2 protein chains.
Amino acid sequence: MISARQLEVLSTVIEVGTTARAAELLAVSQPAISNMIRHTEDLIGFPLFHREHGRLTPTHEARHIAQEAQHLFMQQKRVESIVNELRGGTIGRLSIVATPSIGHGILPHVLSRFMEQRPKLQLSIELGSIDEINRRLVSGRADLGLSITPPRHSALSVHEVGAGRMMCVCPDGHELGLLDTISIADLNHVQHISYGTGTPLGQQIDKVFSERGLERRYFCEVRHTATALEMVRNGLGVALVDSFALIGQRHHGVTVRDTSPELPLNMHAVTSNLFPTSNLALRFQSFLADVLIGGPVQPGDTV
Amino acid sequence: MISARQLEVLSTVIEVGTTARAAELLAVSQPAISNMIRHTEDLIGFPLFHREHGRLTPTHEARHIAQEAQHLFMQQKRVESIVNELRGGTIGRLSIVATPSIGHGILPHVLSRFMEQRPKLQLSIELGSIDEINRRLVSGRADLGLSITPPRHSALSVHEVGAGRMMCVCPDGHELGLLDTISIADLNHVQHISYGTGTPLGQQIDKVFSERGLERRYFCEVRHTATALEMVRNGLGVALVDSFALIGQRHHGVTVRDTSPELPLNMHAVTSNLFPTSNLALRFQSFLADVLIGGPVQPGDTV
DNA sequence: GCATCTTTATAACTCAGGGTTATATCCATG
DNA sequence: CATGGATATAACCCTGAGTTATAAAGATGC
């Protein structure tokens, strides 16, 4: 079997005319070229060059082979470039499932920046509950899950990917907007949109309330922070919203304030142990982590 | 640079699922596969397989690479087959210049048999004088010259490729046809077509005549045996014709007889020293020699 | 006509990589 | 718990592609 290297040497010698210049071009010594040519001729069984007056002139057969070899070199380069693109994560298919608050907040923002350097990427974005994230990951339909509350599943690996916190949002001009920091106790005295006690978010908030001997009171119960944020924007009341939902959003119409006490909240990247995690997914995960390490959104940020 | 071998191993492992079966298929040991995979992963910088429970499952990236590698394998096979075809002389371009007697006689016959096994061949056949043969060979416009009289040129190599002789042809029913062997002296007593004393053929015949104290007498002078043969066929007279012109011809209308004395005549293959002789030309040359070694045409042969 | 340059070929050696065998380890399974 | 199938590791071997040094043979220039 004739090797790619042999074809490369053959082509180069034909191209540049002498073994010495071919050797220079291929960054090896001249005898290496001489030997390889002779070896190749022995292998294929007919001469590739005509030796005359101590010069080499390629035979028609050699030219024919070199011609055909060009296509092989093309293909070689193609494979090489695909390997490079796969390494750099600039190629491939990335399938993400995220909770709605992430999917509506930070995800499009980060994705658009991630895609800037990777125009060839194929994307698939799904939004869903923790259960949906679990299902898609264990069935291999998604590469990466993003969620605030980490799922518990033996076949899934969870990585903390960034720190955030709950923030209070109120409609512009709302009385709470006058304060720099809003105590959670204050929430009970205003029209307040919050999350069901059955939801992970609701439970986490409840825990803080009860630690302070408070009972959480709200006039409207929603499931997703995105919904709450939209209601606030329409002036229906105030709400606690995770900082991730605020990143990449224009805040016109709403005022964002820190809470007291702080309600820390981390974003988790989830991958399946049942399928190999694509290099691309890992790249996106660390890209996301890099963005989030800049710290959670600040009151007033428009990002 | 990732090698073809690495891609081959990668593809095979992905295809058959385990290193052991891949090793079997590639006829190497299992550790060889294991090492190559690991080495490849080190080289490209990201994992190609997910190790889990001591099993290998290919990553998306690995699948992608293997997919692309298929094209490279195709190309590899293509080059390989072209090398084989070049070796077997079943591909390429063959340009022959021959004298008219050869070109009209044996050449088409031998060529058609040569081409039977080589349907892809590109042919170029030219007929011409010795001078024309010389010119085309030294200028590189032809690979192989075929001639009875060997050309004299420092840049040309001549190989004897087959033995023949002069034969006497007469129209069917001609009085000479009654004899088994025709003495050259008999020719002077009938309507006789022959070659100018300036032509190589004429000179050779003249030599035999004069050795016997005879003077060659003919009523019609032609240059080529093919012309002479055609005239005989039309009943214009008898002629001496080289046996090569008779091979592959239907002899209806003419009778062929041996001469006394024998006038031996060899066919010569001529190649240029200025250009490498194509493998194909050499193949044809030996094919032709093989055909001719069957001996010259016999009286009555239709070949 | 002789020295020099260019070019290819040869010789003798080095070294890395792809191969080997033997064996360890891990897990699924009867 | 033993067994079988799978991958990985270790230690070794050998071929082949590379090296340097040098020879040989034409071209070239003074």
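The figures that follow rest on heavy atoms only: side chains count, while hydrogens, waters and symmetry mates do not. Please read these numbers as outputs of a predicted model, since none were measured by experiment. Chain naming here is simple, since letters A, B, ... match the order of the sequence lines and numbering starts at 1 in each.
- For the pair D42(A) CG and dA9(C) P, the interatomic distance rounds to 12 Å; values are reported in whole Å.
- The residue S34(B) sits close to a base: some heavy atom pair falls under 4.0 Å.
- Closest to the R51(A) side chain, of the nucleotides dA9(C), dA6(D), dG19(C), is dA9(C).
- Set against dA9(C), dG18(D), dA10(D), the side chain of P31(A) has dA9(C) as its closest nucleotide.
- Between R55(B) atom CZ and dA8(D) atom C1' there is a gap of 14 Å when expressed in whole angstrom units.
- The phosphate of dT7(C) (OP1 or OP2) has no side-chain N or O of R21(A) nearer than 4.0 angstrom.
- Between the C1' atom of dT22(D) and the CG atom of N35(A) lies a distance of 14 Å, rounded to the nearest Å.
- Straight-line distance from the CG atom of L48(B) to the P atom of dA8(D): 12 Å, rounded to whole Å.
- Residue A20(A) is in sugar-phosphate contact alone, with no base atom involved, counting any heavy-atom pair closer than 4.0 Å across all strands shown.
- Here the C1' atom of nucleotide dT9(D) and the CE atom of M36(B) are 16 Å apart, to the nearest Å.
- Here R5(A) reaches the OP1 or OP2 of dG18(D): one of its side-chain N or O atoms lies under 4.0 Å away.
- A cation-pi arrangement is absent between R283(A) and F287(A) under the rule of less than 6.0 angstrom and at most 45 degrees off the ring axis.
- Applying the 4.0 Å criterion to OP1 and OP2 of dA17(D), one finds that H39(A) has a side-chain N or O inside that range.
- S29(B) comes within contact range of at least one nucleobase, with a heavy-atom separation under 4.0 Å.
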Given salt bridge (charged side-chain N to carboxylate O under 4.0 Å, His left out), test E132(A) with R135(A) step by step and report yes or no. CA-CA 5 Å; E132(A) 180 68 11; R135(A) 249 179 285 128; 2.7 Å; yes
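- Regarding M1(B), its CE atom lies at a distance of 21 Å from the P atom of dA16(C), rounded to whole Å.
- Atom-to-atom distance recorded for Q76(A):CD and L72(B):CG is 6.0 Å, nearest 0.5 angstrom.
- Rounded to a whole Å, the CG atom of L56(A) is 14 Å from the P atom of dG26(D).
- Atom pair E24(A):CD and dT6(C):C1' shows a separation of 14 Å (rounding to whole Å applied).
- With a 4.5 Å cut-off on side-chain heavy atoms, R93(A) and L280(A) do not count as touching.
- To the nearest 0.5 angstrom, T12(A) atom OG1 is 11.5 Å from R21(A) atom CZ.
- Residue T18(B) places its side chain closer to dA6(D) than to any other of dG18(C), dG18(D), dA6(D).
- Summary of the strand contacts: V28(A) and V13(B) both lie near DNA chain D, and taking for each the nucleotide with the nearest heavy atom, the more 5' one is attributed to V13(B).
- A donor and an acceptor atom never sit less than 3.5 Å apart when one is taken from the side chain of Q30(B) and the other from the base of dA6(D).
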